[in-house]
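What follows is a short report on a single structure.
Each residue takes its place number in the sequence, starting with 1. Not measured: the values here are computed from a predicted model. Basis for what follows: all heavy atoms, side chains included, without hydrogens, waters or symmetry-related copies. Whatever order the structure lists ligands and atoms in, that order sets their numbers, starting from 1.
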Amino acid sequence: MSHTLLVTGAAGHLGQRVISHLLDTLHIPAGRIVAATRAPEKLSALAARGVAVRRADFDDPASLDSAFAGAQRLLLVSTDAIDRPGRRLEQHQAAIAAASRAGVGHVVYTSMPLPEDSPLLIAPDHAGTEKALAASPLSWTVLRNCWYMENLFMSLPGALAEGHWYSAAGDGKVAYIARDDLARAAAVALASADVDRTTCTLTGSEAFSAEDVARQVAAAVGKPLDVVHVSLQDLIRGMAAATGWPEAVATVFASFDTNTRAGRVGMVTDDYRKLTGLAPMKFADWLATNKTALLG
Ligand SMILES: NC(=O)c1ccc[n+]([C@@H]2O[C@H](COP(=O)([O-])OP(=O)(O)OC[C@H]3O[C@@H](n4cnc5c(N)ncnc54)[C@H](OP(=O)(O)O)[C@@H]3O)[C@@H](O)[C@H]2O)c1
C-alpha cells in the first residue's frame, strides 16, 4: 500500500506526535507523508527529513485545494477555535469539502466521546463534523478521543499550590488517555487500508473520579490535595475570578464538569487495543513520569 498520507494541524501537539509515529513507529517513508499546517516554518525539521510541508488554513479554504492535492488518506485534526460557537464546525466543513474536491478517499477525524446531545458546550462542533462526514462521499474513521491525561496540566498545578481542587463533576469519572497514545492510534488508522465508515471510542484502561485522581496525585507528589465540590455557578464564578476570563468562556470550560458528572466520559472501551494491538498507558505510569511537571 503506497497511499500518500496527509496530516492537518501538523504543528500542533497531537499532529507532531502523529507524524513522529508515522515515521518512527510505523516506518512510513517520509516521501509518502504530507504535513499541512498554518505555520510551515515551524516544521523545517520534518521538511529536512523529506516530509512535504504545505500551508493549509481551514479559515482560508482556497489554501486547501493545493494543500490536499494528491493525498489519498487525510487526518483531520479538530482545531482549537472554540472562541465562537460554530466557528470550528465551519472550519471542519471547509476541510471536508476540500478533501472531497481533492479526491481524498478516506478521512480520519479526532472527535470526542458521545458528542450528540451533550451538555459540553463545545460538543456540537464534533457532532456536526461527524454529520458532515456522513453526508460526504468520503469513507472515514471517527476517533472519539477521551480526555488527555495532559489536560490535568491545566488545573492541577494551581490546585496543588493551593491544596484544593474545585470540581462540579460530582462523582463522575474520566477515562483519561495519554495524548501520545491517541497520536499513535491516529497514525495507525491513517496508515491502514481501512475504507469503511467506522467510529471508535478511544479511552484509557481505567476511569477516575476527581477524588481518585487527587488521591493518586497527592501520593505521587507528596503534597495534600483535597477535592472541593462546588455548584456549577460557583465553579464558573471562581474560574472567571482566578483566570480573568469572561464569564462566557468560564461557562464553556465549566461545562466539561457537567459532562463528566453526566457520566459521558467515564466509559472504558477496548477500542484502543483493537486499533493498535497495544494497551494504553496506565495513569500511574503517566503520573510517575509527569509528577514533577505537575508541581508547575
Ligand atoms: N481529547 C482531549 O482531551 C483534547 C484536549 C485538547 C484539545 N483537543 C482537541 O484535539 C485537537 C488536537 O489537540 P492538540 O493537543 O494538538 O492541540 P493544540 O496543540 O492546541 O493544536 C491545535 C490544533 O488546531 C489546529 N488549527 C487551529 N486553527 C486552525 C486552522 N485555522 N486551520 C487548520 N488547523 C488549525 C492547529 O494546526 P496548525 O497550528 O498546525 O495550523 C493545531 O493542530 C485540538 O485542536 C482540539 O480540537 C482534545
Exercise answer: donor-acceptor pairs, residues 289-296 side-chain atoms, under 3.5 Å, sequence neighbours excluded:
| residue | atom | partner | partner atom | Å |
| --- | --- | --- | --- | --- |
| Thr289 | OG1 | Asp285 | O | 3.0 |
| Asn290 | ND2 | Trp286 | O | 2.8 |

*For Glu247, all residues meeting salt bridge (Lys or Arg N to Asp or Glu O under 4.0 Å), sequence neighbours excluded*: none
*Quick one: do the His126 and Ser78 side chains pair a donor with an acceptor below 3.5 Å?*
no
_The test is ring pair (Phe, Tyr, Trp, His ring centres under 6.0 Å); show your working for Tyr109 and His92 and say whether it passes._
CA-CA 10 Å; Tyr109 173 64; His92 297 169; 5.4 Å; yes
*asked:* Once ring-ring contact (aromatic ring centres under 6.0 Å, His included) is applied, do any residues pair with Phe208, and if so which ones, sequence neighbours excluded?
replied: Phe283
*Anything with a heavy atom under 4.0 Å from ligand 1 counts, so go ahead and list those protein residues by chain and number.*
Gly9, Ala10, Ala11, Gly12, His13, Leu14, Thr37, Arg38, Asp57, Phe58, Asp59, Val77, Ser78, Thr79, Asp80, Arg88, Gln91, Asn145, Cys146, Trp147, Tyr148, Asn151, Arg179
_Test item: Ile122 and Val252 side chains (from C-beta on) under 4.5 Å apart, heavy atoms_ = yes
